[in-house]
Amino acid sequence: MAVVSLTDHMAAIEAGLSLACQVDGRIAGFVIGEWQGEDMYLHELDVDPAFQRRGVGASLVRAFIEMAEAKGARDVYLATFRDPPW
């Protein structure tokens with residue numbers, strides 16, 4: 001699966017569909033979403049390995065759900081790998 005292109009990521013930021021988490025002044029992770037009809041799809045979630053296992057990913061998912069609800073999404077969903085390569 002390819003990562004989100006810079007163009008698509010910039011479009012998501014401009015549309016308010018991307019969130020970032022800062023820890024101690026560093027970007028610790030980000031989430032990017034897209035509309036799928038009336039639903040919001042969590043397209044990509046990345047956490048810097050230096051900040052993993054500290055709740056950054058969970059915080060980003062919660063913030064994404066809150067953002068999607070505030071924008072009027074009917075449902076929020078995501079897909080993931082059965083056996084992640086990492």
Side-chain angles (χ1 to χ4, degrees):
M1 182 174 179
V3 296
V4 175
S5 71
L6 178 58
T7 301
D8 289 345
H9 197 98
M10 293 301 295
I13 291 169
E14 291 172 10
L17 301 177
S18 181
L19 303 170
C21 176
Q22 276 191 1
V23 176
D24 298 328
R26 288 182 51 195
I27 298 295
F30 74 91
V31 64
I32 184 172
E34 62 186 53
W35 283 103
Q36 295 287 319
E38 296 178 356
D39 301 329
M40 186 74 68
Y41 173 56
L42 193 158
H43 184 80
E44 187 170 335
L45 168 68
D46 292 296
V47 177
D48 183 326
F51 295 99
Q52 290 179 353
R53 315 264 330 142
R54 294 172 53 185
V56 171
S59 294
L60 283 165
V61 170
R62 281 192 298 274
F64 183 81
I65 292 168
E66 291 172 6
M67 179 266 305
E69 289 174 343
K71 291 183 175 292
R74 184 185 61 187
D75 290 304
V76 177
Y77 64 96
L78 65 91
T80 188
F81 299 105
R82 181 173 298 237
D83 295 308
W86 51 91

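- Here the NE2 atom belonging to H43 is positioned 11.0 Å from the OG atom belonging to S18, to the nearest 0.5 angstrom.
- Counting only distance, with no hydrogens or angles, the side chain of E34 and the backbone of M40 share no donor-acceptor pair below 3.5 Å.
- Proximity of L17 to I32: side-chain heavy atoms (C-beta onward) are nowhere separated by under 4.5 Å.
- Contact check for L42 versus V61: side-chain heavy atoms found under the 4.5 Å cut-off.
- Cluster membership for L78 and I65, using ILVMFWY side-chain heavy atoms within less than 4.5 angstrom, is shared.
- For the atom pair D48 CG and C21 SG, the distance stands at 11.0 Å (nearest 0.5 Å).
- A donor-acceptor pair under 3.5 Å links the side-chain atoms of Q52 to the main chain of V47, judged by distance alone.
- Applying the ring-ring contact (aromatic ring centres under 6.0 Å, His included) definition to pairs two or more places apart or across chains, those involving residues 13-40 are H9-F30.
- Although no hydrogens or angles enter the test, the distance criterion places a donor-acceptor pair under 3.5 Å between the side chain of D39 and the main chain of D75.
- Pairs engaging residues 55-76 under the ring-ring contact (aromatic ring centres under 6.0 Å, His included) rule: none recorded [sequence neighbours left out].
- Note: the hydrophobic cluster containing M67 also contains L45 (ILVMFWY, side chain heavy atoms under 4.5 Å, direct or indirect links).
- Nearest heavy-atom pair, A12 versus G33, reported as atom, atom and distance to 0.1 Å: CB-O, 4.2 Å.
- When all heavy atoms of A20 and I27 are compared, the closest pair comes out as CB-CD1, 4.2 Å.
- For the residue pair A68 and V76, the shortest heavy atom distance occurs at CB-CG2, 3.5 Å.
- Side-chain contact between V23 and R54: present, with at least one pair of heavy atoms (C-beta onward) separated by less than 4.5 Å.
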